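In what follows, a single structure is set out as structure tokens and then discussed.
Counting starts at 1 for both ligands and their atoms, following the listed order. From a predicted model like this one, the values you see are computed outputs, not experimental measurements. Computed from heavy atoms alone, side chains included, the values below leave out hydrogens, waters and symmetry copies. For the single chain, residues carry numbers from 1 onward in sequence order.
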Amino acid sequence: MKNFLETQDLCKTYKKQKANDHINLRVRQNTIYGLLGPNGAGKSTLLKMVTGMTTPTSGKILFQGREMERKDLAYMGALIESAPIYENLTARENLKVRALLCGVPEKRIDEVLSIVNLKNTGGKRAGKFSMGMKQRLGIAMALLNHPRLLILDEPTNGLDPIGINDFRDLVKRFSNQGITVIISSHILSEIEQIADDIGIIVNGKLKYQEQLSETEELESLFMDIVRKEGSPNA
Ligand SMILES: Nc1ncnc2c1ncn2[C@@H]1O[C@H](COP(=O)(O)OP(=O)(O)OP(=O)(O)O)[C@@H](O)[C@H]1O
Ligand SMILES: [Mg+2]
């Protein structure tokens, strides 16, 4: 089977710093790919290249088997670092701005609001939302255009245990609905529970990429790989 998303020797160098060093990512269709790595390892850099937010120094990104083009971004949804929210607007108004930009019909707004369970926030401005509500609004924004590939960079930052649990169910449902998901996290247990495949980045290099086995203990695997590579470049 062709990979849904693939990178070939993808590199990003900031001045002299190799934030991504020959990354060969393999993401299978309709799976959840968990991207792990210590602070400063290069996870956000990789996800930013995939979503067109920053350009690679060298290497290729293949989407559905051919080199990615600008128009492919229409099939992607992303929440990278924190959600691009207008604090003085409500959840619905924030989504309306985005829907206009993406040419998405307004009725989709209600759908995404109910997917992320933010239908009852009424006139409350997003600046007054809790961290978890902001993250959920960010996910709603990422879902507006019916993405085939959803990229979530540490989406559970700031969520409480209930929020994390709900989020996990949400992401699992996405992959059952024909959405391929790449999710980065520091929380190993979270990835262990939802990911089909995992990749571990250390110092800009993809040191491990495998299907997650039920018998493998992710925490000890992660520690082994990170320790072997030495201290991260953060
Ligand atoms: N715009 C930038 N300019 C210069 N250096 C950068 C820039 N963005 C990232 N870096 C550097 O690239 C390296 C990788 O950063 P990146 O944000 O991709 O790591 P990360 O794995 O997402 O870390 P975290 O887990 O803390 O989010 C870091 O050393 C960082 O300082
Ligand atoms: Mg990051």
Side-chain angles (χ1 to χ4, degrees), residues 5-27 32-61 68 73 76-85 131-132 134-139 141-142 147 149-159 163-164 167-168 171 180-195 197-210 212 218-234:
L5 182 88
E6 188 176 321
T7 68
Q8 293 179 347
D9 288 326
L10 199 64
C11 296
K12 178 76 185 181
T13 307
Y14 294 111
K15 300 216 173 92
K16 278 188 186 151
Q17 163 126 44
K18 285 184 177 172
N20 273 194
D21 190 358
H22 295 89
I23 302 261
N24 292 301
L25 198 74
R26 306 270 177 268
V27 181
I32 300 176
Y33 188 104
L35 188 63
L36 301 168
N39 285 127
K43 303 178 295 296
S44 297
T45 301
L46 175 58
L47 299 181
K48 281 178 186 166
M49 286 194 280
V50 169
T51 52
M53 288 166 70
T54 186
T55 46
T57 306
S58 61
K60 280 184 186 166
I61 302 170
M68 199 174 91
L73 296 179
M76 292 186 196
L79 173 56
I80 307 253
E81 290 171 343
S82 55
I85 289 173
M131 194 87 114
K134 283 184 183 165
Q135 286 301 81
R136 280 187 279 144
L137 178 54
I139 294 168
M141 287 176 162
L149 177 64
L150 185 62
I151 295 181
L152 303 169
D153 189 16
E154 298 190 43
T156 52
N157 261 357
L159 297 195
I164 291 179
F167 174 79
R168 199 181 294 138
V171 172
T180 305
V181 183
I182 305 177
I183 173 170
S184 85
S185 180
H186 286 122
I187 309 168
L188 301 179
S189 59
E190 176 187 307
I191 293 295
E192 197 158 31
Q193 287 181 57
I194 56 171
D197 295 350
I198 59 158
I200 302 178
I201 299 194
V202 191
N203 287 344
K205 297 192 181 85
L206 189 62
K207 300 305 286 185
Y208 182 90
Q209 178 168 243
E210 291 291 337
L212 187 59
L218 187 55
E219 187 166 338
S220 50
L221 172 75
F222 180 83
M223 295 302 174
D224 283 352
I225 288 167
V226 174
R227 287 207 182 104
K228 233 184 258 166
E229 185 61 20
S231 59
N233 56 18

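Within the model, atoms CG of Leu218 and CE of Met223 stand 9.5 Å from one another, a figure rounded to the nearest 0.5 Å. Here the straight-line distance linking atom CE of Met68 with atom OG1 of Thr7 works out to 11.0 Å at 0.5 Å rounding.
No part of Lys15 comes within 4.0 Å of ligand 1, judged by heavy-atom distances. Residue contacts with ligand 1 for Gln17 involve side-chain atoms from C-beta outward but no N, CA, C or O (heavy atoms, distance under 4.0 Å). Of the heavy atoms in Ser184, none comes closer than 4.0 Å to ligand 1.
The residue from Ile139, Leu152, Thr156 that alone fulfils the side-chain contact (heavy atoms from CB on, under 4.5 Å) condition with Val171 is Leu152. The side chain to side chain donor-acceptor pair (under 3.5 Å) test with Lys12 singles out one residue from Asn20, Thr54, Thr57, and that residue is Thr54.
Among the atoms of Ser44, an N, O or S atom falls under 2.8 Å from the Mg ion (ligand 2).
Glu154 counts as a contact of ligand 1, since one of its heavy atoms falls under 4.0 Å from the ligand. Taking a 4.0 Å cut-off on heavy atoms, Gly37 fails to register as neighbouring ligand 1. For Gly204, the closest heavy-atom approach to ligand 1 does not fall below 4.0 Å. Contact analysis puts His186 in contact with ligand 1, with a non-hydrogen atom separation below 4.0 angstrom.
Proximity of Leu10 to Leu25: side-chain heavy atoms (C-beta onward) are nowhere separated by under 4.5 Å.
Side-chain atoms of Thr180 do not come within 3.5 Å of backbone N or O of Leu149 as any donor-acceptor pair.
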**Message:** side-chain contact (heavy atoms from CB on, under 4.5 Å), that's the test. Do Glu192 and Glu219 meet it? Break it down for me.
**Reply:** CA-CA 9 Å; Glu192 197 158 31; Glu219 187 166 338; over 6 Å; no

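Looking at Lys43, Lys18, Glu81, it is Lys43 that brings a heavy atom closest to atom 25 (O) of ligand 1.
The shortest N/O to N/O separation between Gly40 and ligand 1 falls below 3.5 Å.
Looking only at atom types and distance, the side chain of Ser44 has a donor-acceptor partner in the side chain of Asp153 under 3.5 Å away.
Residues Asn24 and Gln209 come closest through the heavy atom pair O-NE2, 3.0 Å.
Contact atoms of ligand 1 toward Pro38: 21 (O), 25 (O) (distance under 4.0 Å to a heavy atom of the residue). Near Ala41, the atoms of ligand 1 lying under 4.0 angstrom from a non-hydrogen atom of the residue are 19 (O), 20 (P), 21 (O). Set against the non-hydrogen atoms of Ala19, the atoms of ligand 1 under 4.0 Å away are 12 (O), 13 (C). Residue-ligand proximity, Thr45 to ligand 1, at heavy-atom distances under 4.0 Å covers atoms 14 (C), 15 (O), 16 (P), 18 (O).
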